[in-house]
Protein chains: 2
Amino acid sequence: MKKNYLEKNKPEHLIKDAKLLVVNYPKVPLTVDCVIFGFEENKLKVLVIKSDLEYYKEHYSLLGDIVKDNEELDEAAYRILKERTGMNDVFLDQVRAFSHPNRHPGGRVITVAYCSLLNINHHQLKIHDNDLNWHSLSDLAEMAFDHKEIVDQCYAWLQKRIQEHPLGFNLLPVKFSLRELQNLYEAILAVSLDRRNFRKKFASMDLLIDIDEMEQDVPHRPGKLYKFNFEKYEKSKRKWIGIDF
Amino acid sequence: MKKNYLEKNKPEHLIKDAKLLVVNYPKVPLTVDCVIFGFEENKLKVLVIKSDLEYYKEHYSLLGDIVKDNEELDEAAYRILKERTGMNDVFLDQVRAFSHPNRHPGGRVITVAYCSLLNINHHQLKIHDNDLNWHSLSDLAEMAFDHKEIVDQCYAWLQKRIQEHPLGFNLLPVKFSLRELQNLYEAILAVSLDRRNFRKKFASMDLLIDIDEMEQDVPHRPGKLYKFNFEKYEKSKRKWIGIDF
DNA sequence: GCCTTACTATGTAAAAGGTACACATTATCT
DNA sequence: AGATAATGTGTACCTTTTACATAGTAAGGC
């Protein structure tokens, strides 16, 4: 979906003037960093990789790369995700830019953070260079650059976002039990929820499809499996009004 | 509040390596644009200025400027606000970056949008260059660059944000009546609200201080004036949990 | 086959919060 | 003095949230 903000038939000299202006703008190295969350063993995980900067040897960093000439930020983020995980049918949201002048030891580099959630089992990490791995969010201590701060802000973004949008289903198998769904919410929000009320809440939304299958290979009574009704959700997005602070 | 991500005592050669790396990064011109909302005559307004680019002659644009070398984005935004309005004790939030390659006729320029709200009467615009003025949001049609899109996204950001944070008080006089407060919410959310329920809601939050004064110079029965209890609010920020989509 | 275990599934009562709605009051203006 | 245009307040109803307990079922060990 390309937009074109340039009006047609503007005289050449106006464009030339504009170009002359921009040529003198200071320029900054710009990167994109992706915070990719996954969920496994009832823990929220984040995809990290060993920094290839000697300066940050043995520190983990986010998946990031420079933004190419004439590349949109979104494009760059999708490219990075694709290159590293092979996935391309995944949503990716811009969270914010980070611009501290000392955030990179090599000089000023501004980065824009993107956030994505994906199902760990849907996809094997093909590249194992630099120890690419899913790391538990809870024991992610030091990271290269300001990446810990970026992760923290993306986590806060996620906590808020998942309460208002059905993001969580990207982290689960297509068919999931209510228990799995609740575990996910409990892990992300770091709270414990009442099971009956949780189920009632989702029942009242009427967005889960009972597919008449049962869990397999669980060491206890299996629960029913559901799918999320994305179609119905898309149709019924509502504007939320309610002052509350 | 400066952060320092650089660890002490790293060998010089590591820094040199990092610098060599960054030197080869592609570089992009970067700007900041401020979407500054105000409220007057029961209308939400936005501060705009005639574009000084001949290419966009007679089009309004946002207050923006390049980001200087080694300047943080936040700093740049505050600088612009200060330069243009004289204000410096105002909050300013980053909304997001815009990166379409054709958004600027002079070539690729990435911009980061910031949003702020300020009280129109607290402050006279000192500079009237380029027709700097408060423009009604509702009849802001064409703008230079992608600034209309930026305004739209910041407006959406504001609508959401004002329901969860007491931003609105930045747009009102320090002492305000409940009617003014309600008008503000109605204007921003573009809905009409029941007066009794609106008052009840704010009464139950217990964040308004009845200052025992009355409106002056209104052509009807004057209402009570209130102040917002920022102190109490700061102390009692709560974590909101509630799945809803 | 029976018992234990560990989970699933479900309902109800009380509290809190949101919505809809009407009437008396009080400054101002003429 | 009366008309006007607001302010200020209360109640009944409905919806949502919260807290909480018991019955049912598959698996696993004996």
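Hydrogens, waters and symmetry mates play no part in the numbers below; they use all other heavy atoms, side chains included. A, B, ... follow the sequence lines: proteins, then strands. Residue 1 opens every chain.
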**OP:** Before accepting this row, confirm whether a basic side-chain N of the pair R79(A)/E83(A) lies closer than 4.0 Å to the acidic partner's carboxylate O.
**Re:**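 A salt bridge links R79(A) with E83(A).
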
Original post:
D206(A): what forms a side-chain contact (heavy atoms from CB on, under 4.5 Å) with it, not counting sequence neighbours?
Top reply: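 In terms of side-chain contact (heavy atoms from CB on, under 4.5 Å), with neighbours along the sequence ignored, D206(A) is linked to K232(A).
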
Quick one: [X] [atom1] to [N] [atom2], roughly how many Å, whole number?
X: F202(A); N: dT17(D); atom1: CZ; atom2: P; value: 12 Å
X: E213(B); N: dT7(D); atom1: CD; atom2: P; value: 17 Å
X: L178(B); N: dT9(D); atom1: CG; atom2: C1'; value: 12 Å
X: M205(B); N: dG17(C); atom1: CE; atom2: C1'; value: 12 Å
X: L225(A); N: dT8(C); atom1: CG; atom2: C1'; value: 12 Å
X: K201(B); N: dA20(C); atom1: NZ; atom2: C1'; value: 17 Å
X: R179(A); N: dT25(D); atom1: CZ; atom2: P; value: 19 Å

Using residues 41-49 of chain B as the side-chain source, report each donor-acceptor pair under 3.5 Å to any protein atom, sequence neighbours left out, with the distance given to one decimal.
residue: E41(B); atom: OE1; partner: K45(B); partner atom: NZ; Å: 3.4
residue: N42(B); atom: OD1; partner: N183(B); partner atom: ND2; Å: 3.2

**OP:** For K200(A), check salt bridge (Lys or Arg N to Asp or Glu O under 4.0 Å) against everything at least two apart and list the hits.
**Re:**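 Partners of K200(A) by the salt bridge (Lys or Arg N to Asp or Glu O under 4.0 Å) criterion come out as none, since no residue qualifies.
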
**OP:** For D210(B), check salt bridge (Lys or Arg N to Asp or Glu O under 4.0 Å) against everything at least two apart and list the hits.
**Re:**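 So D210(B) forms a salt bridge (Lys or Arg N to Asp or Glu O under 4.0 Å) with K224(B).
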
Original post:
In chain order, what residues pass the side chain to side chain donor-acceptor pair (under 3.5 Å) check against K237(A), with sequence neighbours excluded?
Top reply: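 Expected list: E234(A).
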
Subject >> Partner set under side chain to side chain donor-acceptor pair (under 3.5 Å) for N170(A), not counting sequence neighbours >> reply: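 Per chain and number, N170(A) pairs via side chain to side chain donor-acceptor pair (under 3.5 Å) with no residue.
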
Atom pairs, protein N/O to nucleotides 24-29 of chain C N/O, distance under 3.5 Å:
residue: dT25(C); atom: O2; partner: R221(B); partner atom: NH1; Å: 2.5
residue: dT26(C); atom: O4'; partner: R221(B); partner atom: NE; Å: 3.4

Subject >> Pairwise salt bridge (charged side-chain N to carboxylate O under 4.0 Å, His left out) hits with a residue in residues 171-187 of chain A, at least two apart >> reply: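 Only K175(A)-E213(A) qualify under salt bridge (charged side-chain N to carboxylate O under 4.0 Å, His left out).
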
I'd like a table of atom pairs between the protein and nucleotides 10-14 of chain C - only N or O on both sides, under 3.5 Å - with the distance next to each one.
residue: dT12(C); atom: O4; partner: K200(A); partner atom: NZ; Å: 2.8

